[in-house]
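In what follows, a single structure is set out as structure tokens and then discussed.
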Amino acid sequence: MSELTRKAEKLDAGDELAAKRAEFVLDGPEGAVYLDGNSLGALPVAVPGRVADVVGRQWGEMRIRSWTESGWWTAPERIGDRIAPLVGAAAGQIVVGDSTSVNVFKALVGAVRLAQENGPGRDEILVDATTFPTDGYIAGSAARMTGCTLRPVEPSEVPGALGERTAAVLLNHVDYRTGRLHDLPALTAAVHAAGAYAVWDLCHSAGALPVGLDAHGVDLAVGCTYKYLNGGPGSPAYLYVRADLQDRFDSPLPGWNSHAEPFGMRSEYAPAQGAVRGRVGTPDILSMLALEAALEVWDGVTVEAVRAKSLALTDFFLECVGEYVPEGRAECLTPLPHAERGSQVALRCADAGPVMQRLIDRGVVGDFRHPDVLRFGFTPLYVGFADVERAARVLAEELG
Ligand SMILES: Cc1ncc(COP(=O)(O)O)c(C=O)c1O
């Protein structure tokens, strides 16, 4: 047994979250290691039974009564309140529904409208220049719609780019490619000092590390639920609108579900109070209730404990890679300081595509991001230290 294998055993023995792994379905080839929870989280054991009940009983037997009697109608707010503590938000500020892309649109246009209502001259949107593409595309459209110019800026350069013309800034908390964690408290404070609004995309941080939306005064935020929240393929995203901004939040997608009186069937729109204002149309109940079941794995778990294990996992992976992988064969793109690291490790090597395919063939599942990045995501609720050691060893064999 190698020293690192022994170390993995010791770390697994002291892991206070180890029992959580049994709450996930991780079937597959013997010894398979799943390091792609930053793309699609694993299936929680509670989900199949819940979905069967929602389809068979709630829909099949209760039919239309389920909108009220099974709590379908209020699911977007109820599940939003379940996500809220995971991102440091008090209840009543998050609604679940639509995709992240659609919520980026609602949040960003809403933010620009808030800024423009405050006074003239706010005609610029700053967007993370390294963003996941959808945010950039939508920011471009939001800019055209609101008469703004779109300026892509590296997140670290945002403070210097802010000015009297800035209306809103759209940033990622963790970079999807490199795993870099951006400084949400400092950047939000800088945006506010310039009189603008901050919109954060939490896709790669929610469920992996503390976000502190309320504590840091974030204005609006969005995130998906199919990564670290394990909601399943295409599970609905969420929108956070800070409580004191809700009355002024003017959604660019005012649907009947966000109307003050949805069943009044009025031709004039009157927005509902509260987070409900972020809703649009009929919620996707099947996906949403699968997500609600998936969120039960968070019972008794703190995000702080998850963060501590996440850092221990990525530290250990970097240690194993340093030990096993020939020097210079792969370059680490993920920052080493904890304060700048999310819950993934990204390694750059010229043949990343074929290397990842060989890893997957051998049961080490990460993913490849164009053109030369190997991504390994570490979900503390179901990844252990022996998994990490094995992944690094197989990686080294394939790179060797
Ligand atoms: C940072 C980020 N934003 C947005 C998205 C896309 O979200 P959706 O497909 O839910 O619209 C992703 C998808 O992986 C992402 O990583």
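Whatever order the structure lists ligands and atoms in, that order sets their numbers, starting from 1.
Counting the atoms of ligand 1 from 1 in the order shown, those under 4.0 Å from a heavy atom of T100 are 4 (C), 7 (O), 8 (P), 10 (O), 11 (O). Proximity to C203 (heavy-atom distance under 4.0 Å) selects the following atoms of ligand 1: 1 (C), 2 (C), 3 (N), 4 (C), 15 (C). For ligand 1, the atoms sitting less than 4.0 Å from at least one non-hydrogen atom of S101 are 8 (P), 11 (O), numbered in the order shown with element in parentheses. Counting atoms of ligand 1 from 1 in the listed order, those under 4.0 Å from a heavy atom of S99 are 10 (O), 11 (O). Each of the atoms 3 (N), 4 (C) of ligand 1 lies under 4.0 Å from some heavy atom of D135. In the vicinity of K227, heavy-atom distances shorter than 4.0 Å reach the ligand 1 atoms 13 (C), 14 (O), 16 (O).
Regarding atom 8 (P) of ligand 1, its nearest protein heavy-atom neighbour is Y226 OH, 3.4 Å. Looking from atom 3 (N) of ligand 1 to the surrounding protein, the closest heavy atom is D201 OD2, 2.7 Å. Counting protein heavy atoms only, atom 16 (O) of ligand 1 is closest to H204 NE2, 2.9 Å.
Contacts between N172 and ligand 1, counted as non-hydrogen atom pairs separated by less than 4.0 Å, involve the side chain only. With a heavy-atom cut-off of 4.0 Å, T131 does not touch ligand 1 at all.
In this structure, I285 and W67 have side chains that are in contact, with non-hydrogen atoms separated by less than 4.5 Å.
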N/O donor to acceptor pairs below 3.5 angstrom from side-chain atoms of residues 105-114, sequence neighbours left out:
unit_1: K106; atom_1: NZ; unit_2: D98; atom_2: OD2; d: 2.7
unit_1: K106; atom_1: NZ; unit_2: N103; atom_2: OD1; d: 2.9
unit_1: K106; atom_1: NZ; unit_2: G278; atom_2: O; d: 2.8
unit_1: R113; atom_1: NH1; unit_2: D250; atom_2: O; d: 3.2

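Rounded to the nearest 0.5 Å, atoms CG (L162) and NE2 (H192) are 10.5 Å apart. T130 contributes atom OG1, which lies 9.0 Å from atom CG of L171 (distance to the nearest 0.5 angstrom).
Using a 4.0 Å cut-off between charged nitrogen and carboxylate oxygen, K20 and E23 count as a salt-bridge pair.
Judged by the 6.0 Å and 45° rule, R242 forms no cation-pi pair with W200.
When all heavy atoms of L181 and A339 are compared, the pair lying nearest together is CD2-O, 3.5 Å. In terms of heavy-atom proximity, V306 sits nearest to P380 at O-CG, 3.4 Å.
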